[in-house]
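Here's the structure, in structure tokens; my notes come after.
Numbered from 1 within each chain, the chains take letters A, B, ... in sequence-line order. Values below: all heavy atoms of this structure, side chains included; hydrogens, waters and symmetry mates excluded. Because the structure is predicted, anything quoted here is derived from the model rather than measured.
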Amino acid sequence: MRIATYNVNGVNGRLPVLLRWLNETQPDVACLQELKAPQENFPREAIAEAGYNAVWHGQKSWNGVAILSKHDIVETGRGLPGDPTDEQSRYIEAEVKGITIGCLYLPNGNPAPGPKFDYKLQWFDRLITYADGLVKSDKPVIITGDYNVMPTEIDVYKPERWVDDALFRPETRAAFHKLLGQGWTDAVRTLYPNEVIYTFWDYFRNAYGRNAGLRIDHFLLSPQLKEKLQKAGVDKHVRGWEKTSDHAPVWIELK
DNA sequence: ATGTCGGGATACTCCCGA
């Protein structure tokens, strides 16, 4: 079973690229972030014609998350618990073939320090609280998506330039490692402990051509899924396509 | 500081967020 995550950066503007990638790689499940579309403007028909069921949580202009599945899918949650005043569409969860799949778009947090960074850390705290319940539930769970965190120095092309950025500040990395400490497995890093692997390249300054990238899209697996992890990778070539996202799709395969 | 996108507002060019 292949499960993928892809920050599309605009699901409608990106539709040809998204459909081309789905057709080429045929993931069983695809988690999408940054739909940048209100609920009613999700391209449900095109997605269905491509062979996918879908649940999604849209929002006008920004954010928005979706889970596509070739198999039966049941939505189990939308919106991250812990703050009823939070109106940003950054979390959706569903069950597919007995696996609970959380799809998240963690706040960017720049500029830092400031209110956006505060929101990022608060959102992270809520995620840590919620994920603790999931990891203790003894159910097979995946939490994947755009975490907007480079966990370690190997995940940044020039770490020294990013130490004050919201994606790499000590508070951000500490939160990610606190989350991992609950018992989650960073799937890609576990299979490739020493490889330089990026999932995002800025649109600026020919970042992709220079391979000036970041690893910020992650798969976290609960303990019982760790044993079933077989492969993982990044569809890096998709970042080189015309009219492409600034992220590349990331995927895992489970036994 | 810069750069480049998608989306949306006011609209044929700007700003925001990333």
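- Both A:Val11 and A:Tyr203 lie near DNA chain B, and the one whose nearest nucleotide falls closer to the 5' end is A:Tyr203.
- For the OP1/OP2 pair of B:dG6 and a distance below 4.0 Å, the side-chain nitrogens and oxygens of A:Arg14 include at least one atom meeting the criterion.
- Rounded to the nearest Å, the gap between the P atom of B:dA11 and that of B:dC15 is 12 Å.
- Taking the six-membered ring where tryptophan is involved, the planes of A:His218 and A:Tyr147 are tilted, since the angle between them lies from 30° to 60°.
- With rounding to whole Å, A:Asn63 atom CG is found 12 Å from B:dG8 atom P.
- Taking atom C1' on both B:dT4 and B:dT10, the two are 23 Å apart, rounded to the nearest angstrom.
- For A:Asn12, taking side-chain heavy atoms from C-beta onward, the closest of the listed nucleotides B:dC5, B:dG7, B:dG8 is B:dG7.
- Every residue meeting the side chain to side chain donor-acceptor pair (under 3.5 Å) condition with A:Gln88, not counting sequence neighbours, appears here in chain and number order: A:Asn63, A:Arg90.
- The distance from atom CG of A:Asp165 to atom P of B:dA18 is 12 Å, rounded to the nearest whole Å.
- Across the C1' atoms, B:dG8 and B:dC12 are found 15 Å apart, a figure rounded to whole Å.
- Under the 30°/60° scheme for interplanar angles, the aromatic rings of A:Tyr157 and A:Trp162 are found to stand perpendicular.
- Every residue was checked against the side chain to side chain donor-acceptor pair (under 3.5 Å) condition with A:Thr172, not counting sequence neighbours, and none meets it.
- B:dT13 and B:dT2 have their P atoms separated by 22 Å, with the value rounded to a whole Å.
- At whole-Å resolution of the value, CZ in A:Arg210 and P in B:dT2 are 17 Å apart.
- Distance, A:Glu242 CD to B:dC5 C1': 14 Å, rounded to whole Å.
- Look at CG on A:Asp246: it is 12 Å from P on B:dG7, rounded to the nearest Å.
- The one candidate from A:His71, A:Arg2, A:Lys97 that meets the side chain to side chain donor-acceptor pair (under 3.5 Å) condition with A:Asp28 is A:His71.
- Counting distance only, with no hydrogens placed and no angle test, the side-chain atoms of A:Arg205 and the base atoms of B:dT4 include no donor-acceptor pair under 3.5 Å.
- Minimum atom distance to the side chain of A:Lys60 is reached by B:dG8, of the listed B:dT2, B:dT4, B:dG8.
- Between the P atom of B:dC5 and the CZ atom of A:Phe200 lies a distance of 12 Å, rounded to the nearest Å.
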So which protein nitrogen or oxygen atoms get under 3.5 Å of nucleotides 10-17 of chain B's nitrogens or oxygens?
{"from": "B:dG17", "atom 1": "O5'", "to": "A:Lys116", "atom 2": "NZ", "distance (Å)": "3.4"}

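- Partners of A:Leu15 under the side-chain contact (heavy atoms from CB on, under 4.5 Å) rule, at least two apart in sequence or in another chain, are A:Leu18, A:Leu19, A:Pro43, A:Ala46.
- Applying the side-chain contact (heavy atoms from CB on, under 4.5 Å) criterion to A:Lys116, with sequence neighbours excluded, gives A:Pro111.
- For the pair A:Gln88 and A:Asn41, nearest-nucleotide mapping onto DNA chain B gives the more 5' position to A:Asn41.
- For the pair A:Asp202 CG and B:dG6 P, the interatomic distance rounds to 14 Å; values are reported in whole Å.
- Here B:dA18 presents its P atom at 11 Å from CD of A:Gln59, a figure rounded to the nearest Å.
- A:Phe200 meets the ring-ring contact (aromatic ring centres under 6.0 Å, His included) test with A:His247; sequence neighbours excluded.
- Comparing the P positions of B:dC14 and B:dG3 gives an interatomic distance of 15 Å, to the nearest angstrom.
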